[in-house]
Amino acid sequence: MNVGTYHTLEVDRLTTPGAFLTDGETDVLLPTKYIPRGTKEGDQLKVFVYRDSEDRIICTTQTPYALVNEFAYLKVKDASNVGAFLDWGIDKDLLVPFREQNNKLRKGQWCLVYLFLDEKTDRLAATAKVVKYFKRDITVEEGQEVDLLIANTTDLGVNVVINNSHRGLIYESELFHDVLEGDRIKGYIKALREDGKIDVSLRKEGLENLEIGAQQIIDELNKNDGHLPLHDKSDPDDIQSMLQMSKKNFKRSVGILYKKKLIKLVDGGIQLTEK
């Protein structure tokens with residue numbers, strides 16, 4: 001039973017300490033406080049498997065922010081003479097040993113880490129020395145849509161992790177809306193540089209020259225499954241509330257998008273043509 005990932009297991013028996021789940025070969029305890037209400041023997045439960053403070057394999061129905069072999073941007077919950085402990089979404093904190101820190105991590109600090117399985121202890125841990133975990137062989141192409149993890153801000157822009165594999169940068173000029181450290185969002189590969197660096201954009205190639213208002217509408221459409229309940233007869237207050245723009249700017253921006261055939265007019269609103 002692999003530590004640091006999800007398993008779907010069968011409830012073998014219910015006891016005072018909790019439910020014992022099995023994959024047919026190994027049993028693992030799901031403590032009582034994590035058992036979903038109404039659970040009975042024979043049920044299938046999706047759980048996250050890890051080791052407790054006494055190195056016993058245990059599981060939880062809580063959702064961690066990241067799994068083994070994944071990057072995450074996490075907050076330091078506490079620090080001790082052992083290392084730094086990160087909040088990663090479950091009751092048991094995630095340890096970053098001193099040897100895995102570039103600089104001493106302090107309580108309240110946020111940092112980019114990579115989760116790994118310690119080969120000696122089979123314990124899940126994290127490292128702030130993330131550079132060696134980025135893949136050297138480029139597996140993305142220009143224009144490709146990718147998953148991004150927002151990391152730290154620099155003088156040039158924002159560092160990101162691309163598809164849990166590569167390091168990239170969104171230049172300041174490409175940040176047309178706010179992003180928060182730790183956010184997981186979609187982006188697009190803008191350029192693959194000869195030095196191996198990757199430039200990332202938050203919008204598709206070909207949309208760079210859209211006015212700010214038009215791009216804002218596109219962003220909002222993407223967040224809402226390609227549809228917005230706004231049109232030229234909409235109340236100005238509704239437009240202001242949803243898009244933070246005037247009705248005049250909205251109509252002009254919609255006109256730009258319509259001419260570029262990026263949207264179509266439908267009953268009760270507008271819709272992305274690709275949808």
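- Counting all heavy atoms, side chain and backbone alike, S253 lies closest to A214 at OG-N, 3.4 Å.
- Salt bridge present: D199 and R193 bring a charged side-chain N and a carboxylate O closer than 4.0 Å.
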Practice problem: Apply the test side chain to side chain contact (heavy atoms under 4.5 Å, CB included) to residues V161 and F134: give CA-CA distance (whole Å), side-chain angles for both, the deciding distance (0.1 Å), then the verdict. | Solution: CA-CA 9 Å; V161 179; F134 288 117; 4.0 Å; yes
Exercise. Carefully, step by step, assess I270 and L221 under the rule side chain to side chain contact (heavy atoms under 4.5 Å, CB included).
Key: CA-CA 9 Å; I270 56 176; L221 283 164; 4.2 Å; yes
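- Taking both residues in full, the closest heavy atoms of V200 and G168 are given as CG2-CA, 4.3 Å, listed atom of the first, atom of the second, then distance.
- The salt bridge (charged side-chain N to carboxylate O under 4.0 Å, His left out) test applied to D122 returns R51, not counting sequence neighbours.
- With hydrogens and angles disregarded, no donor-acceptor distance shorter than 3.5 Å links the side chain of E181 to the backbone of Y73.
- Taken from CG in D93 to CG in L86, the straight-line distance is 8.0 Å, to the nearest 0.5 Å.
- V146 and I170 fall within a single hydrophobic cluster, where Ile, Leu, Val, Met, Phe, Trp and Tyr side chains are chained together by heavy-atom contacts under 4.5 Å.
- Atom CD of Q240 sits about 9.5 Å away from atom CG of N249, to the nearest 0.5 Å.
- With sequence neighbours excluded, no residue satisfies salt bridge (charged side-chain N to carboxylate O under 4.0 Å, His left out) with D137.
- Below 30°, between 30° and 60°, or above 60°: for F48 and Y6 the angle between ring planes is above 60°, a perpendicular geometry.
- Scored by the salt bridge (charged side-chain N to carboxylate O under 4.0 Å, His left out) test, D55 finds R123 as partners (sequence neighbours excluded).
- Side-chain contact between R13 and D27 is present, with at least one heavy-atom pair separated by less than 4.5 Å.
- Using a 4.5 Å cut-off between side-chain heavy atoms of Ile, Leu, Val, Met, Phe, Trp and Tyr, with links allowed through other members, I239 and I263 fall into the same hydrophobic cluster.
- Here the side chain of Q216 pairs a donor or acceptor atom with the backbone of L243 at under 3.5 angstrom.
- Side chain of D235 to backbone of D237: a donor-acceptor contact under 3.5 angstrom is found.
- Atom OG in S165 sits 7.5 Å away from atom CZ in F71 (nearest 0.5 Å).
- Side-chain contact between D23 and H7: absent, with no pair of heavy atoms (C-beta onward) separated by less than 4.5 Å.
- Using a 4.5 Å cut-off between side-chain heavy atoms of Ile, Leu, Val, Met, Phe, Trp and Tyr, with links allowed through other members, L169 and V158 fall into different hydrophobic clusters.
- Atom CZ of R184 has more than 12 neighbouring heavy atoms from other residues, nucleotides or ligands inside a 6.0 Å radius.
- Listed by chain and residue number, D232, K247 satisfy the side-chain contact (heavy atoms from CB on, under 4.5 Å) test with K251 (two or more places apart in sequence, or in another chain).
- Between L117 and L124 there is a side-chain heavy-atom pair separated by less than 4.5 Å.
- With contacts defined as side-chain heavy-atom distances shorter than 4.5 Å, the pair Q44/L9 does not qualify.
- The side-chain contact (heavy atoms from CB on, under 4.5 Å) search around L192 returns I138, V140, E142, I189, I198, not counting sequence neighbours.
- For the pair L257 and I217, the minimum side-chain heavy-atom distance is below 4.5 Å.
- Within the 4.5 Å cutoff, the side chain of V68 has no heavy atoms near those of the V3 side chain.
- Other residues, nucleotides and ligands place more than 12 heavy atoms under 6.0 Å from the CG atom of D91.
- Surrounding CD of E145 are more than 12 heavy atoms belonging to other residues, nucleotides or ligands, all under 6.0 Å away.
- At least one side-chain heavy atom of L202 sits under 4.5 Å from a side-chain heavy atom of V179.
- Among all heavy-atom pairs drawn from L67 and G4, the shortest one is CB-O, 3.5 Å.
- A pairwise comparison of heavy atoms in L115 and A66 identifies CD2-O, 3.6 Å as the closest pair.
- With a 6.0 Å radius and a threshold of 12 heavy atoms from other residues, nucleotides or ligands, Y258 has its OH atom at or below the threshold.
- Listed by chain and number, the residues in a salt bridge (charged side-chain N to carboxylate O under 4.0 Å, His left out) with E54 are R56 (sequence neighbours excluded).
- Side-chain atoms of N102 come within 3.5 Å of backbone atoms of A128 as a donor-acceptor pair (strictly under, hydrogens ignored).
- Shown here for C59 and P31, the closest heavy-atom pair between the two residues is O-CD, 3.3 Å.
- Remark: Y50 OH to Q62 CD distance equals 7.0 Å, nearest 0.5 Å.
- A 4.5 Å side-chain heavy-atom check between N222 and L272 finds at least one atom pair inside the cut-off.
- Hydrophobic clustering of Ile, Leu, Val, Met, Phe, Trp and Tyr side chains at less than 4.5 Å, counting indirect connections, keeps L156 apart from L149.
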Quiz item: Please walk me through it: do T273 and K264 pass side chain to side chain contact (heavy atoms under 4.5 Å, CB included)?
Solution: CA-CA 6 Å; T273 53; K264 58 184 178 180; 4.3 Å; yes
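- Atoms CG and OG, on L95 and S53 in that order, are 12.5 Å from each other to the nearest 0.5 Å.
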Practice problem: Take V47 and Y34 through the test side chain to side chain contact (heavy atoms under 4.5 Å, CB included) and record every step on the way to the result. | Solution: CA-CA 10 Å; V47 293; Y34 302 131; over 6 Å; no
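- Looking at K129, its side chain does come within 3.5 Å of a backbone N or O of R99 through a donor-acceptor pair.
- Residues I150 and V130 fall into different hydrophobic clusters, defined by Ile, Leu, Val, Met, Phe, Trp and Tyr side chains chained together at heavy-atom separations under 4.5 Å.
- Contact detail for S80 and F85: the closest heavy-atom pair is OG-CE1, 3.4 Å.
- Checking side-chain atoms of E100 against main-chain N and O of P97 turns up no donor-acceptor pair under 3.5 Å.
- Annotation: the span from L14 atom CG to L21 atom CG amounts to 9.0 Å, rounded to 0.5 Å.
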